[in-house]
Amino acid sequence: MKITRKRPVFLAALLLLIAFALASCGQQSSPPAPATPAPATPATPGTPAEPAVRSYPGTKPIEVIVPWSAGGSTDMVSRVAANLLSANLGATVNIINEAGGQGIPGTVSALTGAADGYTLLGDADGSNAIPEAWGSDIPFKVGERTYICRIASFPWVFAAASDTGWKTMDDIAEAIRNNPSEVQFGWLGGTAGADCAPAQFIAAMQAQGIDTSAVNMVTFAGGADLATAIAGGHVDFGCVSTTSVASTYEAGKLEVVSITSAERFPAYPDVATTKEQGWDTVNFMGHVGFSGPEGMSEEVVQILADAMAEVMAGAEAEQKFSEISAIPDFLGPQDFRAYVLNLADTLTAIKIN
Amino acid sequence: MEVNFWYGLLNSLAPMNLLYCFLGAILGTIVGVLPGLGPTATMAMLLPITYYLDPTGSIIMLAGIFYGAMYGGSVTSILLNVPGEASSVLTAVDGYQMTKQGRAGEALAISAIGSFIAGTAAIVVLQLLAPPLADFGLRFGPPEYVALMLFCFTTLIAVSGKRMSKGILMALVGMFIACIGLDPMSGRQRMTFGSVNLMRGLDVVPVLMGLFGVSEVIASAGEGLLTIYKGSRGKLIPRGEEMKKGLWASLRGTVIGIVFGILPGMMPSVISFIAYDAEQKISKNPEKFGKGAIEGVASVEASNNAAAEAGLIPLLSLGIPTNAACALLFAAFMMYGLQPGPMLFTQHGEMAWTVIASMYVGNVILVILNLPLVGIWARMATIPYRYLGPITLAICFIGAFSVRNTMFDVWTMVLFGVLGLIMKKYQWPAAPLILGFILGAQLERNFRASMQMSAGSPAIFFTRPITVVFLVLTVVVLLFSLRTKVSAFIKASAVDE
């Protein structure tokens with residue numbers, strides 16, 4: 001029969017589909033041809049390096065668990081970094097997105113992995129300082145992980161609905177001073193990086209004697225929702241990522257009032273910084289770095305940090321990070337740890353609610 | 001030469017662009033067919049190609065995967081009663097009945113044709129009307145979405161089966177389990193019992209694959225099903241009256257899909273419920289729905305496809321990603337330092353128009369690809385179930401894992417598989433549970449945001465025009481449906497006695 005003869009073809013196709021399905025379980029940035037030899041392991045005088053360490057990373061792939069979904073800022077910075085790192089180390093570096101639960105389960109999953117340097121965390125303020133400072137019942141402590149390096153940082157912008165007519169931070173503060181209960185302040189409920197600069201802003205206003213308690217804080221589930229609501233005029237203003245409002249700003253749907261970076265940002269040449277507008281303490285910058293489970297060997301940490309430092313100095317890194325609107329901002333293991341612990345203290349002090 | 005649509009069309013027909021478009025379409029079809037594997041996971045996996053391909057090529061390919069997956073999504077729903085994503089849950093209702101009647105070919109063909117009509121229409125709208133439509137979408141804030149979600153709940157009546165009370169109860173169960181995880185507003189834990197895994201919350205894909213997929217395979221195996229369909233292969237394309245009904249339903253589904261699809265908060269899955277409900281309401285023989293009505297398949301498939309592609313309108317005109325797959329397209333643009341939005345057309349017109357034009361090409365490729373595949377897929381229903389069942393189950397497992405790369409989702413699927421079996425046995429409908437699950441989370445979020453906007457006053461729902469329109473519509477539809485339901489109930493009880 002005609003049908004039976006064609007069945008093997010069909011089965012083969014099905015097998016192919018299954019093979020493809022299996023392949024899709026890992027997401028890898030394939031290592032380029034190992035043209036650059038792996039950097040020599042720094043020989044530690046006195047203590048002979050263990051052979052297992054010297055061979056790190058070898059051929060075993062390094063997994064970077066990103067506790068957020070693909071396409072977000074932590075994910076994109078981690079991907080760019082993984083690609084650069086992979087070229088430098090001559091090893092495969094895979095990005096694994098374990099989204100959900102505001103980043104906490106994915107962080108736990110990375111931090112409870114083996115501390116052998118093959119399980120890393122694509123770490124950001126949302127998985128280190130913020131849960132520590134503002135979260136409740138968080139199953140990890142910010143000090144209990146191995147910090148490897150900070151990679152990049154990025155500014156936040158304050159955006160206001162067009163119909164408010166607000167052009168500066170002072171305009172917003174003035175509106176809140178005069179009529180707080182009429183102001184709709186969109187935020188993400190004190191759970192995410194987007195809420196840090198608003199917390200600083202509220203603290204700064206309170207320091208000036210402005211009562212912010214009557215402001216309507218309207219909570220959104222994500223930055224894209226918040227940016228859309230500002231563009232639609234459903235809330236008056238909020239703090240969002242530079243990329244989420246670039247087009248609505250361009251199209252004149254909303255006003256970008258200020259940016260939290262120390263200097264003006266290339267994508268927003270006309271937008272004054274918070275510092276220029278006299279709000280120096282509203283200067284929060286988001287960050288992304290790599291960390292790992294507690295107890296990683298110093299040698300492995302050093303290999304990773306050195307490799308990252310090396311690639312970050314190159315022109316390719318500069319260009320790749322600027323394309324995703326991030327600023328290369330390297331910190332080594334000790335500095336990164338100190339930075340995060342300090343950030344957690346700062347955020348604890350300005351917690352809203 | 002002026003950079004415009006025709007320029008883009010010529011460009012999209014260049015050999016390499018055509019190849020990327022073809023690859024995207026075929027990959028999309030494959031992942032669409034495999035239950036649980038969706039465009040999002042596939043696009044995430046392929047995001048690294050942005051390092052190796054030129055922007056036009058990789059965006060064409062990623063977009064192809066996105067809309068290609070909408071074509072493939074109906075296959076397992078129709079043939080195996082195993083929907084792979086929320087937007088094809090209702091395809092299974094009539095599609096699987098058609099398969100059992102030997103009309104699998106017709107069902108598959110109409111879903112391919114409906115998808116083509118919808119896909120093409122959505123791109124025409126995207127090309128011609130994107131900016132004003134995107135502006136209209138912006139007028140929907142939290143209160144508008146609350147009213148819209150309430151309106152969506154009226155579709156429950158259509159998908160509840162014989163007993164509406166059971167449907168409502170299942171929707172409540174769905175809303176209840178949607179609460180598991182972290183409170184979307186404060187980040188506090190809800191019903192997690194201290195479990196880190198439960199903090200993730202449940203994802204709709206493992207839940208629906210358990211309820212529909214796993215339970216279906218186990219139940220069929222339990223019944224000793226030898227093959228899904230034994231007879232000879234039926235028609236591969238609907239003819240005459242059936243074709244006419246299918247085409248009209250596709251057109252109606254397309255309109256519904258586009259209208260609701262431009263709203264950033266609406267998901268294709270919810271829109272497919274609206275389309276199915278509308279089709280059933282205007283039908284002269286509503287009792288045929290659920291028993292193999294071709295309109296049921298056509299409208300659902302057209303609406304989810306139109307909605308998915310209409311989602312590109314806010315993305316390309318305002319840089320607003322409306323769903324996970326669009327967020328990945330957004331990320332792909334970002335990886336090249338490009339910002340989706342109006343500037344894309346002025347600063348990178350060549351690329352923008354090539355991508356738009358490639359979507360027409362892609363839809364043509366997809367329909368050419370999918371119509372001949374109908375014969376091959378239809379034969380799938382004749383494979384002995386002892387092979388087909390385990391393979392389906394295995395793919396479901398892989399699919400559940402692929403959603404968030406965690407075993408938690410696999411266990412969730414197994415648990416809901418058991419629940420699905422029990423529900424099947426006692427005839428509790430599963431579609432309302434999915435609807436409640438999806439709408440519940442959104443309704444909660446938007447309701448609470450609305451209340452924060454108005455400082456707790458419900459007046460906010462009665463002072464905004466769009467909100468009032470949808471609330472009135474909700475009440476009207478509810479009264480209308482209740483009247484017909486009640487009279488049907490009286491008739492039914494009279495027959496019972």
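Chain A is the first sequence line, chain B the second, and so forth, proteins listed ahead of strands; every chain is numbered from 1. Just so we're clear, the structure is a prediction, and the values are computed from it rather than from any experiment.
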Measuring only between side-chain heavy atoms, which start at C-beta, is Met343(B) closer than 4.5 Å to Glu250(A)? yes
Separation of Thr191(A) OG1 from Arg188(B) CZ (nearest 0.5 Å): 11.5 Å
Given heavy-atom pairs under 4.5 angstrom as the criterion, report whether the side chain, backbone, both or neither of Tyr336(B) touches chain A. backbone
List the atom pairs, with distances to 0.1 Å, where a side-chain N or O of residues 61-72 of chain A and a protein N or O form a donor-acceptor pair under 3.5 Å, not counting sequence neighbours.
none

Can you tell which part of Val245(A) gets under 4.5 Å to a heavy atom of chain B, answering side chain, backbone, both or neither? neither
Under 3.5 Å donor-acceptor, Asn405(B) side chain and Asn97(A) backbone: yes
Does this structure show an ion pair linking Asp135(B) with Lys253(A), if we count only N-O contacts that are shorter than 4.0 Å? yes
Select one option (side chain, backbone, both, neither) describing which atoms of Met76(A) are under 4.5 Å from chain B's heavy atoms. both
Heavy-atom count around Arg139(B) CZ within 6.0 Å, excluding the residue itself: above 12? no
Is any side-chain heavy atom of Met453(B) closer than 4.5 Å to a side-chain heavy atom of Asn216(A)? no
Please tell me if the side chains of Met335(B) and Lys320(A) come closer than 4.5 Å, counting only heavy atoms from C-beta onward. no
Under 4.5 Å from any heavy atom of chain B, what part of Glu98(A) do you find: side chain, backbone, both or neither? both
Are His234(A) and Pro142(B) side-chain neighbours, meaning at least one heavy-atom pair lies under 4.5 Å? yes
So, does Thr219(A) use its side chain to make a donor-acceptor pair with the main chain of Met185(B) at under 3.5 Å? no
Report yes if the side chains of Thr243(A) and Met334(B) come closer than 4.5 Å at any heavy-atom pair, otherwise no. yes
Of Val196(B), Thr192(B), Leu198(B), which meets side chain to side chain contact (heavy atoms under 4.5 Å, CB included) against Pro105(A)? Val196(B)
Part of Ala221(A) lying under 4.5 Å from any heavy atom of chain B: both
Going by residue number, which parts of residues 445-452 of chain B are within reach of chain A, meaning a heavy-atom gap below 4.5 Å? Arg445(B), Ala449(B), Gln452(B)
Residue part contacting chain B, namely of Val108(A), when any heavy atom lies under 4.5 Å: side chain
